[in-house]
Amino acid sequence: MAEDKTTRILKNAILLEKRGQAFYQKVAQQTSSSAVKRFFEVLAAEEENHIQTLAEQFKTYQSQGKFDPQLFGNDRFLADIDRELTENIWYDQNFWPF
């Protein structure tokens with residue numbers, strides 16, 4: 001059976017999220033700043049959430065031919081990033097090169 005366009009898009013989206021996660025994990029491992037490390041760990045964890053959501057959507061699409069709107073909508077990520085930026089990174093002297 002030939003793969004349809006939606007299936008290819010979902011597979012590519014999952015791959016992109018995995019690449020982003022790997023990048024964020026690498027940056028977190030290489031930084032000397034604890035605030036930057038936490039920031040990129042949050043980003044990597046959020047990519048994992050994206051991967052899981054896309055994987056669930058993939059399964060739903062494969063079985064039902066449509067998406068599940070209940071799997072979308074997570075405002076926690078934005079709150080986590082905002083907190084990390086305001087409480088840690090903007091005030092971390094090791095983060096700024098000047």
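Predicted model only: the values in this text are computed from it and were never measured. As a basis for the values below, the full set of heavy atoms in this structure was taken, side chains included, without hydrogen atoms, waters or symmetry mates.
A 4.5 Å side-chain heavy-atom check between K5 and R8 finds at least one atom pair inside the cut-off. Side-chain contact between F67 and T6 is present, with at least one heavy-atom pair separated by less than 4.5 Å.
D4 contributes atom CG, which lies 8.5 Å from atom CG of L10 (distance to the nearest 0.5 angstrom). Here L54 contributes atom CG and K18 contributes atom NZ; the two are 10.5 Å apart, rounded to the nearest 0.5 Å. Taking CD1 of I14 as the reference point, atom CZ of R19 lies at 13.0 Å (rounded to 0.5 Å). The OG1 atom of T7 lies 11.0 Å from the CG atom of N12; values are rounded to the nearest 0.5 Å. With rounding to the nearest 0.5 angstrom, the CD atom of E46 is 8.0 Å from the OG1 atom of T53. Atom CD1 of I51 sits about 9.5 Å away from atom CG of L15, to the nearest 0.5 Å.
Across S34, S32, S33, a single residue satisfies side chain to side chain contact (heavy atoms under 4.5 Å, CB included) together with V36, and that is S33.
Applying the ring pair (Phe, Tyr, Trp, His ring centres under 6.0 Å) rule to F58 yields no partners; only residues at least two apart in sequence or on another chain are considered. Here E48 pairs with Q21, Q52 under the side chain to side chain donor-acceptor pair (under 3.5 Å) rule; sequence neighbours left out.
In this structure a side-chain-to-backbone donor-acceptor pair under 3.5 Å is present from T60 to E56.
Ring planes of F23 and F40: perpendicular class, angle over 60° (limits at 30 and 60°).
Note on residues 25-37: pairs passing salt bridge (charged side-chain N to carboxylate O under 4.0 Å, His left out), not counting sequence neighbours, are K37-E41.
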